[in-house]
Amino acid sequence: MNVDEPPHTSAPGRLRRAVRSLTPDLSPWRASRDFRLLWTSGCVTGFGSFLTLVAVPMQIKELTGSSFAVGLIGAVELVPLIVFGLWGGALADALDRRRLVLRAEAALGVLAGLLLLNALLPHPLLWPIYLVAALVAAADGLQRPALDSLTPRIVPHRHLTAAFALKSLYHNAASVAGPALAGVVVALAGVQTAYALDVLTFAASLLLLVRIKAVPPATGAERPSVQAVLTGVRYAWSRKDLLGTYAIDVCAMLFAYPVAVFPFLASESGADWALGPMYAASAAGALLVGATSGWTSRVHRHGRLLLAAAVGWGAAMALAGLSGSVWLVLLGLALAGGADEISGLARSTMWNQSIPDGVRGRMAGVELLSYSVGPQLGQVRAGTVAGLIGVRAAVWTGGVACVVAVLAVAAALPKLLAYDDRTDPHAAAVRAEHERTEQERALREGTQQEPAAERETEKSTGTAATL
């Protein structure tokens, strides 16, 4: 994972450079108004979504007392996520991405409202929770490819790594504040309040998203169809470096994503108060990495960075499972979160540096499967294994299995470790494509501004003559 070496400078200069490398790069925020709107919208809705993320398993636990029933939520979400994620990618390449994001956001807000209505019943029902979870997975599958492929269209190519670092910053901040607050809200005011707050955040998010400019499809974009979906899948299969990123992420989440058993892990540790911190700990570790992410803009060997981070994720989860102290459990989860943040930045950068815009939406659909299907299956695995061999054993054996699986994937797909954005032909082609697009946009804006400038000149000349 090579980084650019700074030239020889004075001691104060090196200190300033070191400080900059440990602070977020704000270039995307300054360069794009639409990115600022998208970023703020994500902050708002992400906070509410994490409230629901904690409230749903807590409500299922209260209704059933079963770890299997909690883990089953992942199985319910799996098929809609696969089907609608792939189809959402085809739609993102063929339609206005902003419009897709808006409609899906509205649907997600309505579904949060349905969870609230069910929770307000004198005797809440279990089956509507599973039904809404499946519909949420479908709406998220339709939205996520458009949302992910929106960023490369509104942010200059050279700022993509920094843009995803900033997006992960708000995601992780919401991950810390949302679960921590959810534990308090659910304990004091019930899951109803958590769902109500989620509905309000979706309403606020929509008010921000409507202000983003339209992002129409590229000229000659392929119409959404099964054939278009298959074209995207074939492209993903042809890129063994990208295939490696998907496989590693699936392995990491499948074997070492024990979120479903957190309520039981907290009870077994004799620390029910620790449930909120358990959900927040990994996000806190990720937030720390995101807040000091300036150095990531200088990394070039993202495949190697991804491998190191995925191994760290599995090892940290194994530590959490083997720890007898709840504080060591929280430390292991925090370390895992930091590793996952680095892994996510490496994957996002590789994807957006080297995938052409014409298939970006469909590839975002494939990516959605890689980083969402894994957690869904991981919840089922964790819940099932916990019922067979115990909660702690389910956590630490998953961490060990993750390390073994990730190393096996890296050995089987050497192109992943060979990726270097300075020499990779796909990255060079996408870079050239973005440069052409930016030059054409600048030329169009210059042409549009020229008549106005000429009128101002004529007006000024006429006024001077009159005077």
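It should be emphasised that the depicted structure is a prediction, and the values quoted were computed from it without experimental measurement.
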Next on the checklist: Please check this pair: side chain of S354 against backbone of M350, looking for a donor-acceptor N/O pair closer than 3.5 Å.
Outcome noted: yes
Checklist outcome for this item: One should read off an interatomic distance between S282 OG and L333 CG, to the nearest 0.5 angstrom, of 6.5 Å
Checklist entry - Are the side chains of L108 and Q143 in touch, meaning some heavy atoms are under 4.5 Å apart? => result yes
Next on the checklist: Let me confirm one number: the CG-CG distance from L209 to L207, rounded to the nearest 0.5 Å.
Outcome noted: 9.0 Å
Next on the checklist: Strictly distance-based, threshold 3.5 Å: is any side-chain N or O of D96 a donor or acceptor partner for the main-chain N or O of V215?
Outcome noted: yes
Checklist entry - Got a donor-acceptor contact below 3.5 angstrom from the W39 side chain to the L166 backbone? => result yes
Item to check | S205 side-chain N/O to F202 backbone N/O, donor-acceptor pair under 3.5 Å | outcome: no
Checklist entry - Any sub-3.5 Å donor-acceptor pair from W29's side-chain atoms to R36's backbone N or O? => result no
Checklist entry - Under 3.5 Å, is there a donor-acceptor pair linking the side chains of H300 and D420? => result no
Item to check | Residue R33 excluded, over 12 heavy atoms near CZ under 6.0 Å | outcome: yes
Item to check | Straight-line distance of H302 NE2 to T245 OG1, nearest 0.5 Å | outcome: 12.5 Å
Checklist entry - Would you find a donor on one side and an acceptor on the other, under 3.5 Å apart, between the side chain of R362 and the backbone of G89? => result no
Next on the checklist: Using the side-chain contact (heavy atoms from CB on, under 4.5 Å) definition, which of the options L95, V101, L102 pairs with R98?
Outcome noted: L102
Checklist entry - Backbone N or O of G361 within a donor-acceptor pair of the D93 side chain at under 3.5 Å? => result yes
Checklist entry - Distance-only, no hydrogens or angles: does the T201 side chain make a donor-acceptor pair with backbone N or O of D198 under 3.5 Å? => result yes
Checklist entry - Are side-chain N/O atoms of Q59 and Y195 paired as donor and acceptor at under 3.5 Å? => result yes
Next on the checklist: Is there a side-chain contact between L72 and V380 in this structure, where contact means two heavy atoms from C-beta onward sitting under 4.5 Å apart?
Outcome noted: no
Next on the checklist: Under the rule for side-chain hydrogen bond (donor to acceptor under 3.5 Å, both in side chains), what residues qualify as partners of R144, not counting sequence neighbours?
Outcome noted: D140
Next on the checklist: A side-chain contact here means heavy atoms from C-beta on lying under 4.5 Å apart; do D249 and L306 qualify?
Outcome noted: no
Checklist outcome for this item: Rounding to 0.5 Å, atoms NZ (K240) and CG (L242) come to a distance of 10.5 Å
Checklist entry - So, the side chain of T231 versus the backbone of Q227: is there a donor-acceptor pair under 3.5 Å, distance only? => result yes
Checklist entry - Do R381 side-chain atoms and L254 backbone N/O form a donor-acceptor pair below 3.5 Å? => result yes
Next on the checklist: Apply side chain to side chain contact (heavy atoms under 4.5 Å, CB included) to residues Y419 and R301 and explain how you reach the verdict.
Outcome noted: CA-CA 6 Å; Y419 180 86; R301 306 296 292 269; over 6 Å; no
Checklist entry - Below 4.5 Å, heavy atoms only, C-beta onward: do L416 and I248 meet side chain to side chain? => result yes
Item to check | Residues forming a side-chain hydrogen bond (donor to acceptor under 3.5 Å, both in side chains) with S348, sequence neighbours excluded | outcome: none
Checklist entry - Would W237 and Y246 count as a close aromatic pair, with their ring centres under 6.0 Å? => result no
Checklist entry - Just how far is it from atom CG of L115 to atom OG1 of T52, taken to the nearest 0.5 Å? => result 6.5 Å
Checklist entry - If you measure from CG on D340 to CG on L335, what distance do you get to the nearest 0.5 Å? => result 12.5 Å
Checklist entry - Between S343 and R347, do the side chains contain an N or O donor and an N or O acceptor separated by less than 3.5 Å? => result yes
